Number of protein chains: 2
Amino acid sequence: MNTSLSIRHLRAFTEVACCGSFTQAASRLHLTQSSLTATVKQLEQSVGLTLFDRTTRRVLLTAQGEQFRPVAEKLISDFDTAIGDLQAIAGQQQGQVGIAASPSTISRLLPPVIDDYRQQFPEIAISLRDDSAGQIEQRVLDNDVDFGIGANHSANPELYYQPVLTDRYGVVVPEGHRFEGFESVQWQALIEEELLFLSADTGIRAQLNQFRQAGQLQLSDQKAILEVSNPAGIAALIRQRIGISVLPALASSTESFKALHFIPLVEPQMRREICLVSRKGRSLSPAASTLLSFVRQHFLTMRLPAYLESTAQPQHSNQDL
Amino acid sequence: MNTSLSIRHLRAFTEVACCGSFTQAASRLHLTQSSLTATVKQLEQSVGLTLFDRTTRRVLLTAQGEQFRPVAEKLISDFDTAIGDLQAIAGQQQGQVGIAASPSTISRLLPPVIDDYRQQFPEIAISLRDDSAGQIEQRVLDNDVDFGIGANHSANPELYYQPVLTDRYGVVVPEGHRFEGFESVQWQALIEEELLFLSADTGIRAQLNQFRQAGQLQLSDQKAILEVSNPAGIAALIRQRIGISVLPALASSTESFKALHFIPLVEPQMRREICLVSRKGRSLSPAASTLLSFVRQHFLTMRLPAYLESTAQPQHSNQDL
DNA sequence: TTCATTTATCGTATTTAACAATTAATTAAT
DNA sequence: ATTAATTAATTGTTAAATACGATAAATGAA
């Protein structure tokens, strides 16, 4: 079999073909002439063909050698570029990273991170997908993205959640609402208020339901629930004085909420952890790993929107997930 | 550098990717699992990238591994087919052979050889070029053909001449000529005859000139020489009774000479050796080497045209030329 | 938990490749 | 013709790469 043959033999062959001399080719390959001679002979014996006609004075390709030469050169070149491409990915001179996150994360938190990262790794393509909490997890599970940024929505055992920020729930009210100017609002004060909800599969709505089931929150069930699929829609409804809403601070910090007021809820204070979500047992690409570190680092040091706190976390390599 | 990487690493990679298991892949590669593990790890370290995410239960390609897999498979496949093609040539399952020979050799001697050879090696393409003696040598020197069949025209030191047949000169005369019915004709008897010559660069004409210069042949120089470039043309002129000609038996045995008579010349008997002409210091391709053997073998045993004799020659391999 | 299975690791043996020195062959120059 | 110079082939030895066997650690299932 040709199992014993290798790229090494092809390199030897092409170099001798190029130089027309074993001695010279050996020197260019940083080998001794004897070693090179042996390698070429090995190739010839394996294929059962004489590739060179040699005298001590001249080394010439046979007809078959001539025929094989461009083939061998292409094989070597293809091999080297394939390996080179891999190394470029490893060295982050190329590649791509995909992140799934909530719209507010993308618009409020990521821009400075991306800016910093792109300056350092301009050749890496970045794709940001805005998704709801459940979708973020699904995208990570499906390998649609390299990692996600979002709440620990389902505590999926296949996923690894690394908390980076603590977000805080509060009410969002329009100008002139009775809560305006309050330092804080108690959950109980929400009775009698018309509440606007985010659609069921969002993290916010899920947690609210959890509270209600635990009895910590008595809200009137009687009224028909009014739910909207995204925060910007809720903002518009609040501005129209249709009602008020309970939202995390981050979600209420986007442009859509400009003229509205966020007042933190107390008794109990309710928080949610924003995590870096990756798939257990799957390693990150070098580019993704670096970007993830950038995110964590920025979240630790950046100036955050009101009521968000970075979650202190020992900085360790992500290889040991 | 990736100098240490080899096709072996790619085979290991693709096999593990295919099997999804080191143990299974190792068995298919006839290796131990530990060895295969080491090889894959070596590949990963050389490119600086994790290609597989492994647990003891599952081996999955990373995104980069997934990306690399088809590339690696193509590299391996290209490599194997390239080597396979060489081996096929060596095994004479494919290839081509070119021979240069005189028209009479091609039409009178080669057909049964070619027929035999083609039955045994139907995949080898054969090209036959009819050339004059000088052209035959030139074609061999230029590597236009693998070998030639013809006279030792110029005794070129770059060429190796292997005699296989002895041809004999004689006069070719039309019906009713005064020589008709003779057993033989003396060279001296040619005085007074109108002689038709082959063009200067043909072997026949060259040898006639040689004789004349040596004084062994007194022909009238006075008459304007009438020369024709190929034997068929001479035959036509003889048939028109323009003159007669001195030709080797082989050349006068083709269809063109059907109604003409060949009478051997004596005092002296003049012969020419027909040789297999190959280039010194250049090895023959396996296909050419085999065909050359076929030619020699047939020439030794075949039923030859009149006045041709096979030149007994020890049969040795052509590798030691 | 325990069991079966699988990958990783470690030390050793074997195979392969590289080296240095020498031989044989070829060409050019004397 | 002889010599000198150059080059590929050969040989014996050393170093490195590769494979092996046994064992440990990890994982998922019974």
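Chain letters run A, B, ... following the sequence lines, proteins first, then strands; residues in each count from 1. Since we're looking at a predicted model, the values are computed, not measured.
- The CD1 atom of A:Ile136 lies 11.5 Å from the CG atom of A:Leu159; values are rounded to the nearest 0.5 Å.
- Remark: B:Arg8 is not in phosphate contact with C:dT15, judged by side-chain N or O atoms under 4.0 Å from OP1 or OP2.
- In this structure, the separation between CG on A:Leu10 and CG on A:Leu43 is 6.5 Å, given to the nearest 0.5 Å.
- Atoms CZ (A:Phe52) and C1' (D:dT7) sit 15 Å apart, rounded to a whole Å.
- Proximity of residues 17-27 of chain B to DNA chain D (heavy atom under 4.0 angstrom from any strand atom) is not detected for any residue.
- Exactly one of B:Phe299, B:Phe147, B:Tyr117 qualifies for a ring-ring contact (aromatic ring centres under 6.0 Å, His included) with B:Phe294. That residue is B:Tyr117.
- Remark: P of C:dA8 and CD of B:Gln45 are 12 Å apart, rounded to the nearest angstrom.
- The shortest distance between the side-chain N/O atoms of B:Lys41 and the OP1/OP2 oxygens of C:dT9 is below 4.0 Å.
- Contact annotation: the side chain of A:Asp131 approaches that of A:Arg139 to within less than 4.5 Å [non-hydrogen atoms, C-beta and beyond].
- Rounded to whole angstrom, the span from the CD atom of B:Gln42 across to the C1' atom of D:dA19 amounts to 12 Å.
- No side-chain heavy atom of B:Gln67 sits less than 4.5 Å from a side-chain heavy atom of A:Asp85.
- Both B:Thr37 and A:Leu36 lie close to DNA chain C; mapped to their nearest nucleotides by heavy-atom distance, the more 5′-ward contact belongs to B:Thr37.
- Using a 4.5 Å heavy-atom threshold, the side chains of B:Thr62 and A:Ser285 count as separate.
- Using cut-offs of 30° and 60° on the angle between ring planes, the pair A:Phe13 and A:Phe68 is tilted.
- Between B:Arg11 atom CZ and D:dT18 atom C1' there is a gap of 16 Å when expressed in whole angstrom units.
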Self-check item: Sequence-aligned protein contact record of nucleotides 20-30 of chain D, with B where the base is within under 4.0 Å of a protein heavy atom and S where only the sugar-phosphate is
Solution: BB----BBS--
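- Note: B:Gln94 CD to B:Leu86 CG = 9.0 Å, rounded to the nearest 0.5 Å.
- A straight line from CG of A:Leu60 to P of D:dA8 spans 11 Å, rounded to a whole angstrom.
- The partner of C:dT30 is D:dA1, by the rule that a Watson-Crick or G-U pair needs both atom distances under 3.5 Å.
- Within the 4.5 Å cutoff, the side chain of B:Val164 has no heavy atoms near those of the B:Val295 side chain.
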